[in-house]
Amino acid sequence: MKAEYKVELYTGIRPTGDLTIANYIGAVKPLVELQKQGAKSLVFVADMHSLTDNEPAVANKFCREVVADYLALGLDPNKTNIYIQSSIAYQVSYMTMLLARHTSVSELLRVPTLKDKLKNTEHPETANALLFLYPVMMAADILLQRAKSVPVGEDQLAHMEVVRRLARDFNARYGDVFPIPAVQQVKSLRILSLKGTGKMSKSVPGGAIFLTDDLAKVAKKIKSAETATEGVMTDSLQSHITLAKELCGDPAVHLNIDSIISEHLEGKQVMGVFKDLLATIVVDFLRQFQTRRAEIVKDPSYIDSILKEGASVALANAESTLDLVRSSMK
Ligand code: TYM
């Protein structure tokens with residue numbers, strides 16, 4: 001038996017709703033760029049993982065929203081199949097159970113994301129056990145689809161270690177069942193809050209730009225953002241430069257930004273000019289996004305058909321993997 005890959009590029013996103021521009025730059029844009037390189041990819045909405053901190057109804061509500069966001073941000077359904085995790089809930093749950101048998105309690109307690117949560121925001125008495133099984137369910141997703149490469153942000157690297165360890169151990173015990181997935185770490189750019197402290201996050205809405213924000217409000221938020229004193233490069237200014245350059249690919253605009261920043265570093269009073277330019281770039285980006293998104297959601301059958309196609313690909317892969325798993329364990 002030879003374990004063969006079925007999907008070249010595979011990743012998941014939780015349906016958390018209300019993406020910020022930092023989510024786009026940190027998580028969505030790298031995926032859209034990878035997809036452009038030609039690999040046939042499979043992306044799924046991890047609504048079952050979302051149950052760690054949401055009621056099923058909430059997780060369910062944001063599924064289609066996040067698909068619409070990703071499509072409007074450039075995910076191409078001709079190159080990427082998209083499915084909702086719970087459309088293959090039986091296969092994911094069953095595989096999670098089989099894999100959990102080969103995972104020790106102490107290994108899961110060592111996973112840094114869980115350790116941090118138990119230290120900072122939760123207690124073992126109140127944390128739910130799904131949180132504990134989070135990396136095992138990730139392994140079920142990835143191994144069922146026989147994924148070759150899994151692009152994820154840095155926060156997921158420890159989970160991927162559990163996934164790879166599980167695949168190797170399962171193979172050592174039952175034969176060559178799972179091809180080992182490779183981790184592809186996507187570069188993560190830190191976009192800071194417009195308020196100048198901490199990273200841009202949903203939990204501080206005043207310092208965040210949401211993809212659905214009203215355009216006039218966005219321009220105002222940017223103009224009242226923290227300003228660097230003449231001659232000084234601050235983390236916040238650096239973050240604004242990154243934001244502008246990531247959202248606008250035009251080399252002429254990049255040169256313009258560079259020259260404004262050189263003047264600033266020479267002590268000239270040009271931060272007003274820079275903020276105007278940043279506001280124009282962000283507003284143009286959001287306007288295009290919002291127009292595309294409105295087009296996409298106008299026809300609900302469009303998303304239905306994408307998800308149906310994605311679910312049938314995911315189901316076929318999962319069933320054929322489960323056949324192999326069952327026969328290897330006989
Ligand atoms: P989620 O929705 O939390 O994150 C989705 C992806 O975005 C990356 N990410 C970031 N990358 C860079 N900078 C940031 N600020 C930033 N914020 C988020 C995350 O690393 C992730 O790659 N556990 C996954 C969902 C999942 C999954 C899987 C992924 C479930 N099963 C199987 C891959 C394969 C997650 O955290 O989703």
Side-chain angles (χ1 to χ4, degrees), residues 7-34 41-54 59 62-63 65-67 69-70 73 75 80 82-86 88-89 91-93 95-96 99 111-114 116-117 130-164 166-167 178 180-193 198-204 208-209 239 242-243 246 314 317-318:
V7 175
E8 264 190 62
L9 214 55
Y10 179 74
T11 198
I13 46 184
R14 280 176 307 148
T16 37
D18 268 352
L19 296 184
T20 68
I21 207 112
N23 294 136
Y24 165 68
I25 292 170
V28 191
K29 192 169 176 237
L31 195 60
V32 170
E33 274 163 12
L34 279 173
S41 41
L42 183 59
V43 169
F44 75 102
V45 183
D47 57 338
M48 292 164 75
H49 278 95
S50 233
L51 299 177
T52 50
D53 43 26
N54 284 303
F62 285 120
C63 280
E65 301 295 319
V66 83
V67 173
D69 286 341
Y70 271 66
L73 289 170
L75 211 65
T80 303
I82 308 175
Y83 72 98
I84 309 282
Q85 188 181 25
S86 59
I88 55 165
Q91 290 75 8
V92 174
S93 312
M95 196 70 233
T96 300
L99 294 172
V111 172
T113 36
L114 180 64
D116 285 353
K117 277 208 166 153
L130 194 56
L131 198 59
F132 182 70
L133 282 178
Y134 195 104
V136 182
M137 188 149 71
M138 271 181 74
D141 296 324
I142 296 166
L143 300 180
L144 278 174
Q145 300 303 322
R146 317 172 73 74
K148 188 167 184 183
S149 176
V150 183
V152 283
E154 197 184 1
D155 59 325
Q156 300 300 311
L157 297 183
H159 294 161
M160 289 304 299
E161 276 317 302
V162 177
V163 176
R164 287 162 52 85
L166 263 169
F178 298 123
I180 309 298
V183 189
Q184 194 170 348
Q185 189 189 336
V186 295
K187 69 170 178 181
S188 93
L189 294 166
R190 230 170 106 78
I191 303 294
L192 301 182
S193 162
K199 61 175 200 171
M200 186 179 286
S201 128
K202 284 175 212 182
S203 44
V204 190
I209 300 168
S239 163
T242 306
L243 187 60
E246 287 290 320
N317 289 345

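Counting begins at 1 with the first residue of the sequence. All ligand and atom numbering here is 1-based and tracks the order in the structure. Keep in mind it's a predicted model, so treat the numbers as computed, not measured.
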[X] neighbourhood, listing ligand 1 atoms whose heavy-atom distance to it stays under 4.0 Å:
X	result
I142	32 (C), 34 (C)
Y134	23 (N), 24 (C), 25 (C), 35 (C), 36 (O)
D141	28 (C), 30 (C), 31 (N)
H49	30 (C), 31 (N)

For [atom], what is the nearest protein heavy atom, given as residue, atom name and distance?
atom	answer
atom 36 (O) of ligand 1	Q156 NE2, 2.8 Å
atom 13 (N) of ligand 1	S188 CB, 3.6 Å
atom 25 (C) of ligand 1	G12 O, 3.6 Å

Please indicate whether any nitrogen or oxygen in [X] is less than 3.5 Å from any nitrogen or oxygen in ligand 1.
X	answer
R14	yes
Y10	no
N23	no
T11	no

Task: Aromatic ring pairing Y134/H159, orientation class (parallel under 30°, perpendicular over 60°, tilted between) - done: tilted

Task: Straight-line distance of R146 CZ to N317 CG, nearest 0.5 Å - done: 8.5 Å

Task: Pairwise distance CG(L130) to CE(M137) - rounded to 0.5 angstrom - done: 4.5 Å

- [ ] Would you indicate which of D155, V152, I13 comes nearest to atom 20 (O) of ligand 1 when only heavy atoms are counted?
- [x] D155

Open item on the list: Going by the closest heavy atom to atom 12 (C) of ligand 1, which one wins out of A22, A27, G26?
Closed with: G26

- [ ] Evaluate the side chain to side chain contact (heavy atoms under 4.5 Å, CB included) criterion for residues S93 and M48: first the C-alpha distance (whole Å), next the side-chain angles of each, then the deciding distance (0.1 Å), finally the verdict.
- [x] CA-CA 9 Å; S93 312; M48 292 164 75; 3.7 Å; yes

Open item on the list: If you count every heavy atom of other residues, nucleotides or ligands that lies below 6.0 Å from E154 atom CD, does the total exceed 12?
Closed with: no

Open item on the list: For the NZ atom on K148, are there more than 12 heavy atoms of other groups (residues, nucleotides or ligands in this structure) within a distance under 6.0 Å?
Closed with: no

Open item on the list: Evaluate R164 against V183 for side chain to side chain contact (heavy atoms under 4.5 Å, CB included), listing each step before the verdict.
Closed with: CA-CA 9 Å; R164 287 162 52 85; V183 189; 3.8 Å; yes

- [ ] Evaluate the 4.0 Å heavy atom contact test for atom 22 (O) of ligand 1: does a protein atom fall under the cut-off?
- [x] yes

Task: 4.0 Å protein heavy-atom contact status of atom 16 (C) of ligand 1, strictly under - done: no

- [ ] Take M95 and L143 through the test side chain to side chain contact (heavy atoms under 4.5 Å, CB included) and record every step on the way to the result.
- [x] CA-CA 9 Å; M95 196 70 233; L143 300 180; 5.6 Å; no

Open item on the list: Using modelled atom types and a 3.5 Å cut-off, is there a donor and acceptor pairing between side-chain atoms of T11 and backbone atoms of P151?
Closed with: yes

- [ ] May I have the step-by-step check of side chain to side chain contact (heavy atoms under 4.5 Å, CB included) for D141 and Y10, ending in yes or no?
- [x] CA-CA 9 Å; D141 296 324; Y10 179 74; 3.4 Å; yes

